[in-house]
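To keep things clear, I will list the structure first and then write my remarks on it.
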Amino acid sequence: MRYLPLALLPVVYAQQHAFETKQQEPWTAKYGTQTDLSYTGPLSYSHLPYIRCLDDSSTTFDIAVLGMPFDTATSYRPGARFGPFAIRSGSRRQSAADSYALEWMMNPYNRAEVIDCGDVPVSPYDNALAVDQMETAYTTLLARPVNGSASARTAKLARDGVEHPRILTLGGDHTIVLPILRSLHQVYGPISVIHFDAHIDTWPSLGGITKQSKVTHGTFFTLAFEEGLMSNTSIHAGIRNKLQGPELIEHDEEVGFELIMADDIDDLGTDEIVKHIRQRIGDSPVYLSFDIDTIDPGQAPATGTPEPAGWTGRETKRILRGLAGLNFVGADIVEVAPAYDNAGDITGILAAGLANDFLALFVTDEPPKRQVKRRQTPADEL
């Protein structure tokens, strides 16, 4: 008969006691695992795992959700620094397990490893420092190895021939796109941009008293063009802002954009708008930048520079689905400023739903083809 050494008896007893205690706990025995409800638990996008990825390089992912709470380059109403919080809060009814979308006919979380990487701790006092912090953070995550759960999509586009993660950025004002394009250019070279917005955001950068004062949420595309970050095949969608004159549209064309006005949806319809965007972008690597003021302020009031007579959420989501299969290398949703939302938080909820569509765009090869069953009528029976 073999006996344990006396020195090991306390260890064995402690392990046995812990096991018995766990087995006897009433909650686990009666109800099982403690799960978060849609309105409970730590705040992350769609209840995804929340990891401070800039500190933790051990967790791999295919797609990262990253907040950039920057709003100190706005021209009208500030408040978009709270956008990442509002979008995550608006996503509380979403979850990876319950994200099969009827209009997409799939669940994007089943096709890629998606995590919430938290927010970039940007300076609220020094814009030059904040822009560098955002670029450095994006570059850091873009260089991480992919998890490999998603099919290869970016390797054929990257200069190094390596698969890179995609990042869904939650803004923040629209200035955040400048450091993002700088990071993406290091990997992909010049890229096309699909820009959903009420405003063209290609204002000339001349006239700033200081170098940093030229960097705003209305000039960043001009600066990106001057730095050679974009191709000459970009496009706006949903534009309806007033301008100083037609010369700004000529400048916009020089920067590399074509224009789809908000009113064009009445004459062309969503299908023709989709066709025009796809023809413009072609097979180039493309970045999707979405200002929430694309949507009519009746549905999305919480933004810094609202413009009347915008698109509806339904129209916009239909256009987005038509863009599936393009070579998306990243996306953002910006200018959500929850201080201006109504009591129902409708802007944050809509923004969260649009962000889920962006995830679907990252992992699908073509627009969904849903078959609508035609109901039989009495005339069919005759």
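Computed over heavy atoms, backbone and side chain alike; hydrogens, waters and symmetry mates excluded. Keep in mind it's a predicted model, so treat the numbers as computed, not measured.
Using a cutoff of 4.0 Å between basic side-chain nitrogens and carboxylate oxygens, Arg153 and Glu163 are not scored as salt-bridged. In summary, Arg111 and Asp62 do not engage in a salt bridge, as defined by a charged side-chain N under 4.0 Å from a carboxylate O. Using a 4.0 Å cut-off between a side-chain N of Lys or Arg and a carboxylate O of Asp or Glu, Asp98 and Arg93 do not qualify as a salt bridge.
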Criterion side chain to side chain donor-acceptor pair (under 3.5 Å) on His199 and Asp201, from CA distance to verdict: CA-CA 6 Å; His199 314 90; Asp201 292 349; 5.0 Å; no
Candidate pair Leu184 and Val329, rule side chain to side chain contact (heavy atoms under 4.5 Å, CB included), full reasoning: CA-CA 8 Å; Leu184 290 170; Val329 296; 4.3 Å; yes
Check against side chain to side chain donor-acceptor pair (under 3.5 Å), Ser231 and Ser284: CA-CA 9 Å; Ser231 67; Ser284 65; 5.0 Å; no
Check against side chain to side chain contact (heavy atoms under 4.5 Å, CB included), Trp311 and Asp296: CA-CA 5 Å; Trp311 289 345; Asp296 187 86; over 6 Å; no
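The backbone N or O of Phe362 sits less than 3.5 Å from a side-chain atom of Arg166, completing a donor-acceptor pair. Between the side chain of Ser89 and the backbone N or O of Phe85, no donor-acceptor pair lies under 3.5 Å. Judged purely by atom type and a 3.5 angstrom limit, Ser91 uses its side chain to pair as donor or acceptor with the backbone of Ser46. When atom types are taken as modelled, the side chain of Arg81 and the backbone of Pro124 share no donor-acceptor pair closer than 3.5 angstrom.
To the nearest 0.5 Å, atoms CG (Asp332) and CG (Asp291) are separated by 9.0 Å. Rounding to the nearest 0.5 angstrom, the gap separating the OG1 atom in Thr72 from the NE2 atom in His217 is 11.5 Å. To the nearest 0.5 Å, the span separating CD on Glu307 from CG on Asn241 amounts to 6.0 Å.
Counting heavy atoms from C-beta outward, Leu181 and Val193 have side chains that approach closer than 4.5 Å. Taking the side chain as every heavy atom from C-beta outward, Met106 and Val363 approach each other to under 4.5 Å. Side-chain contact between Val215 and Leu178: present, with at least one pair of heavy atoms (C-beta onward) separated by less than 4.5 Å. A 4.5 Å side-chain heavy-atom check between Val65 and Tyr50 finds every atom pair outside the cut-off. No side-chain heavy atom of Val114 sits under 4.5 Å from any side-chain heavy atom of Pro108. Using a 4.5 Å cut-off on side-chain heavy atoms (C-beta onward), Tyr109 and Leu48 make contact.
Sorted by first and then second residue, the ring pair (Phe, Tyr, Trp, His ring centres under 6.0 Å) pairs with a member in residues 249-300 read Phe196-Phe290, Phe221-Phe257, His236-Phe257, Phe290-Phe358; sequence neighbours excluded.
A donor and an acceptor atom, one from each side chain of Asp197 and Thr294, are nowhere located under 3.5 Å apart.
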